[in-house]
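Convention: sequence-line order gives letters A, B, ...; per-chain numbering from 1. For clarity, every value in this text was computed on a predicted model and none was experimentally measured.
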Number of protein chains: 2
Amino acid sequence: MAARTTSTGASAARERLLQSASELFYREGIHAVGVDRIIAEAGVTRATFYRHFPSKEDLVEAYLGVEDANIRGAFDAAEASGAEPRQLVGLVIEGLADDVARNHTRGCPFINAAAEYPDPDSGVRRAVGEHREWFRSELETLLTAAEVEAPEQAAGQLVLLRDAAMVGGYLDGWERVRPAFVAAATRTAGLEA
Amino acid sequence: MAARTTSTGASAARERLLQSASELFYREGIHAVGVDRIIAEAGVTRATFYRHFPSKEDLVEAYLGVEDANIRGAFDAAEASGAEPRQLVGLVIEGLADDVARNHTRGCPFINAAAEYPDPDSGVRRAVGEHREWFRSELETLLTAAEVEAPEQAAGQLVLLRDAAMVGGYLDGWERVRPAFVAAATRTAGLEA
DNA sequence: TGAGAAGTAGAACGATCGTTCTATCTCTTT
DNA sequence: AAAGAGATAGAACGATCGTTCTACTTCTCA
């Protein structure tokens with residue numbers, strides 16, 4: 001094999017492709033961004049694109065994979081901080097709020113993608129579903145460790161709250177949504193005391 | 001003026017166009033549905049289409065206008081029922097839940113449209129913003145009449161809850177979301193007692 | 001009765017969609 | 001030195017995008 005590869009083993013062209021696509025897909029929407037735009041932004045030719053991704057939809061799934069990996073990384077970092085369970089839940093809620101305020105001002109990548117992919121059997125929707133299920137069960141684990149009562153129900157409610165924060169932050173502005181989110185989330189997680 | 005018009009004064013062709021477009025836009029997404037599909041479904045020619053709508057985006061705005069009118073109609077009907085304020089709030093919450101369960105199983109038309117229209121100054125986003133602001137203030141009026149404390153905050157939270165219910169109902173299934181929504185909404189509206 | 005708006009029919013516009021192709025060049029590995 | 005994978009360059013595919021156009025018909029209201 002040839003070509004410049006990064007330390008992770010992935011090719012440089014592929015990574016540039018993925019990063020350009022991620023930015024464009026998130027900022028402008030998926031159907032609105034053509035392959036030409038992506039390869040121009042990445043400084044890559046069509047042939048190179050199709051060598052790494054069999055179709056545009058594979059690139060879309062890879063984009064969601066990056067978003068998924070980012071969030072999992074943030075969770076891992078929080079868990080590695082050595083905080084005790086109840087404190088950890090607070091950190092996660094703060095982290096979610098920070099994420100909406102800083103990184104995800106155009107809404108939730110998964111919700112937005114799902115809006116453009118109605119077919120529940122498509123690869124995109126499967127990626128969305130898997131991410132949501134992971135997120136939900138991760139929260140449940142955290143809440144169980146923090147000895148919150150009814151952790152399963154609370155986890156489901158926190159997923160909903162995050163959806164609402166993402167949507168509301170995008171459409172109404174985060175400043176208007178933040179107090180409601182923080183109040184509801186801390187109460188749901190049993191941290192108000 | 002000629003042509004078959006309905007009792008409301010709008011032309012029959014325009015109404016068929018609008019209905020076909022509404023179904024297609026909601027079910028499959030906006031960018032994913034071309035003008036050809038819409039006119040074929042409506043049994044209308046391109047010329048007729050562009051006689052009634054200067055561009056596709058005007059049709060999109062009209063589509064959101066229909067959705068907006070439907071919800072306002074539902075609110076008007078509830079208010080005309082003669083129920084007392086606190087009862088009315090309960091009816092509205094029930095109505096929202098019913099709407100998600102029956103009519104809006106593909107998510108919120110406004111949230112989905114916003115996912116495809118990043119430009120906050122576009123006509124589509126303006127329509128989304130106006131609907132949301134109307135919805136919020138309508139809830140605040142209702143909650144104020146019902147003598148709920150902090151009606152402004154409660155109204156904002158109910159908007160978020162509806163967003164969450166729409167998104168969650170679409171992506172996770174309404175059965176999984178319903179209990180969390182009803183519980184949170186009745187508590188937020190001060191009806192749990 | 002005649003003006004005029006709304007409808008039908010269908011060709012055509014340039015632009016972009018996602019995708020495939022051939023050909024050449026540049027590396028790394030064996 | 002030879003093989004082969006990856007990247008580059010650029011033309012080309014058919015299909016669809018949103019939009020405009022001409023020409024003809026039909027109906028209503030002044």
Notebook entry, point to check: When you check every protein heavy atom under 4.0 Å of nucleotides 12-20 of chain C, what one-letter string (B, S, -) results, 5' to 3'?
Noted result: B----SSBB
Notebook entry, point to check: Can you tell me how far P of dT26(D) sits from CZ of Arg51(B), to the nearest Å?
Noted result: 16 Å
Next item on the list: Please state how far atom CD in Glu15(A) lies from atom C1' in dG6(D), giving the value in whole angstrom units.
Entry: 15 Å
Margin query: So, OP1 or OP2 of dA6(C): does either fall under 4.0 Å of a side-chain N or O from Thr48(B)?
Written below: no
Item checked: Steps toward side chain to side chain contact (heavy atoms under 4.5 Å, CB included) verdict (Val128(B), Tyr117(B)) -> CA-CA 10 Å; Val128(B) 171; Tyr117(B) 286 83; over 6 Å; no
Checklist line | N/O (side chain, Thr45(B)) to phosphate O (OP1/OP2, dG10(C)) under 4.0 Å | finding: no
Checklist line | Residue pairs fulfilling ring-ring contact (aromatic ring centres under 6.0 Å, His included) with at least one residue in residues 79-108 of chain B, sequence neighbours excluded | finding: Tyr26(B)-His104(B)
Next item on the list: Output all residues satisfying side chain to side chain donor-acceptor pair (under 3.5 Å) with Glu133(B), sequence neighbours left out; order by chain, then residue number.
Entry: none
Notebook entry, point to check: Going by the salt bridge (Lys or Arg N to Asp or Glu O under 4.0 Å) test, which pairs reach into residues 47-69 of chain A, not counting sequence neighbours?
Noted result: Asp68(A)-Arg72(A)
Checklist line | Sequence-distant partners of Glu116(A), salt bridge (charged side-chain N to carboxylate O under 4.0 Å, His left out), two or more places apart | finding: none
Next item on the list: Go through the structure and list residues passing salt bridge (charged side-chain N to carboxylate O under 4.0 Å, His left out) with Asp36(A), not counting sequence neighbours.
Entry: Arg46(A)
Notebook entry, point to check: Atom CZ of Arg16(A) and atom P of dG6(D): how far apart are they, to the nearest Å?
Noted result: 16 Å
